[in-house]
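These notes concern the structure reproduced below.
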Amino acid sequence: MIYADVLIVGGGPSGLTAAKMCCEAGLSTIIVERSHILGGQLTKQTHKFFGSKDQYAKMRGIDIAVKLQEDLASFNTLTMMLETTVVGLYEDKVVTILQHNEYKKIKAKAIILATGASEKFLAFENNDLPQIVGAGALQTLVNLYQVIPGKSMVMIGSGNIGLIVSYQMLQAGIEVKKVIEATDRIGGYKVHASKLKRLGVDIQTRKTIKRAIGKDQLEAVEIVRIDENFQEIEGTSEIIETDLLCVSVGLSPLHQLASMMNCKTTYISELGGYVPLIDDHFQCSVPGVFACGDMVGIEEASSAMMEGYLAGLYTCNYLNQPHLEAESLISHYENQLYELRNGLFGRKTLRGIEKRKENLIHA
Ligand SMILES: Cc1cc2nc3c(=O)[nH]c(=O)nc-3n(C[C@H](O)[C@H](O)[C@H](O)COP(=O)(O)OP(=O)(O)OC[C@H]3O[C@@H](n4cnc5c(N)ncnc54)[C@H](O)[C@@H]3O)c2cc1C
């Protein structure tokens, strides 16, 4: 058995920032990360972030990932376990990990869950053909491993991720033939959409994919116009030849480890799906288990980092070893979160957070 004060599951932006607070307070901390690198989604994000300096604005995601790791470099109370997956979590805070084909156990006084999210997908004919990928997978291939999987692409989904990834594919030399959106408006920031339009990319609303066409791999897609009830309008079918289709229709919080520990979860559409119910201190319904980042509600890396700092600070308080600057840091990061959620996109998140609170009271 390996012992630690705090175990953090997930080495993305929220897990790394939580670790910084725990280490600064002198707690022995373990980060378990299933990938071979730390940084989570940031490791593929070649674009610059928005926001303020405190929210790492104007830095590229890949550089933020490096900065967050540099922040942790001097702590000898920190253990990082890469290529290690948490596969079991039990109420007595014993955790089973799988590391290089070997099962081991960790017992921690507190656990911070920071597992992020998984991509949603769409049901349509032939959706299992090779060359049909999610936005995260496509970013991994192109931005992380420099593999160019196609000559041309159709993107389904015009949220920020769909728009950003379309732009990155243009930068990589892939022709983006169309961005298709089922609702009546472009979902992401206007600035991202405008960049694509200036480069000649056609963004079409009220359309969806009906089927993928191809024998051994994708050759074309059939796109149809839909009405306000998302039903196909007859006679509007269009065949677009392409060898790559990217589906970017949202993310679902990875809540499963929280459920495994009997932490109460509920479905909140504004937060992306099932989420653990957390209190104002990021604590789940099982005492000593905290959760932050995309797994408690889909937002952005900027807010995931602020949540990570806060979850780390509250974990230190829970273990009666508060961070020396706890009070001022908590107020600072709460303010940053407030600012981040103050915009147009924040309203939906705030509605979701309200619902999460109400569900916790009635749980
Ligand atoms: C294409 C794309 C573009 C984006 N662009 C922006 C942007 O411009 N600005 C912005 O602010 N945000 C952006 N985001 C959102 C941002 O990346 C996420 O909100 C953020 O990464 C969430 O951080 P996280 O730490 O919660 O999760 P993640 O970054 O997903 O990290 C979770 C980590 O947990 C690990 N993990 C999961 N389960 C286990 C397990 N059982 N055992 C061990 N490890 C585990 C994963 O491997 C991963 O490394 C973008 C997202 C995408 C997909």
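Order of listing sets the numbers, starting from 1, for every ligand and every atom in it.
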Hydrophobic cluster partners of Leu218 (side-chain heavy atoms under 4.5 Å):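 Via sub-4.5 Å side-chain contacts, Leu218 links to Phe121, Leu122, Phe124, Leu129, Ile132, Val154, Ile156, Ile180, Ile209, Val221, Ile223, Ile240, Leu245, Val247, Val249.
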
Within 6.0 Å of NZ in Lys109, more than 12 heavy atoms from elsewhere: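 No, because the 6.0 Å sphere around NZ of Lys109 holds 12 heavy atoms or fewer from other groups.
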
Is the number of heavy atoms from other residues, nucleotides or ligands under 6.0 Å of Glu232 CD greater than 12?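 Result for CD/Glu232: enclosed.
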
Flag for Thr242-Ser152: side-chain donor and acceptor within less than 3.5 Å: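 Present: a donor and an acceptor within the cut-off.
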
For residues 18-27, tabulate all N or O donor-acceptor pairs below 3.5 Å that involve a side-chain atom, not counting sequence neighbours.
residue : atom : partner : partner atom : Å
Glu24   : OE1  : His323  : NE2          : 2.7

Taking a 3.5 Å cut-off between nitrogen or oxygen atoms, can you list every pair linking ligand 1 to the protein, with distances?
residue  : atom   : partner : partner atom : Å
ligand 1 : 5 (N)  : His47   : NE2          : 3.1
ligand 1 : 8 (O)  : His47   : NE2          : 2.6
ligand 1 : 11 (O) : Ala301  : N            : 2.9
ligand 1 : 11 (O) : Ser302  : N            : 3.1
ligand 1 : 11 (O) : Ser302  : OG           : 3.0
ligand 1 : 12 (N) : Ala301  : N            : 2.9
ligand 1 : 17 (O) : Gln45   : NE2          : 2.8
ligand 1 : 19 (O) : Asp294  : OD1          : 3.1
ligand 1 : 19 (O) : Asp294  : OD2          : 3.1
ligand 1 : 19 (O) : Ala301  : N            : 3.2
ligand 1 : 25 (O) : Pro13   : N            : 3.3
ligand 1 : 25 (O) : Ser14   : N            : 3.0
ligand 1 : 25 (O) : Ser14   : OG           : 2.8
ligand 1 : 26 (O) : Ser14   : OG           : 3.3
ligand 1 : 26 (O) : Asp294  : N            : 2.8
ligand 1 : 29 (O) : Gln41   : N            : 2.9
ligand 1 : 41 (N) : Val86   : O            : 3.1
ligand 1 : 42 (N) : Val86   : N            : 3.0
ligand 1 : 44 (N) : Arg34   : N            : 3.1
ligand 1 : 47 (O) : Glu33   : OE2          : 2.7
ligand 1 : 47 (O) : Arg34   : NE           : 3.1
ligand 1 : 49 (O) : Glu33   : OE1          : 2.6
ligand 1 : 49 (O) : Glu33   : OE2          : 3.1

May I have the list of side-chain donor-acceptor pairs in residues 265-274 shorter than 3.5 Å, sequence neighbours left out?
residue : atom : partner : partner atom : Å
Glu270  : OE1  : Lys355  : NZ           : 3.1
Glu270  : OE2  : Lys355  : NZ           : 2.8

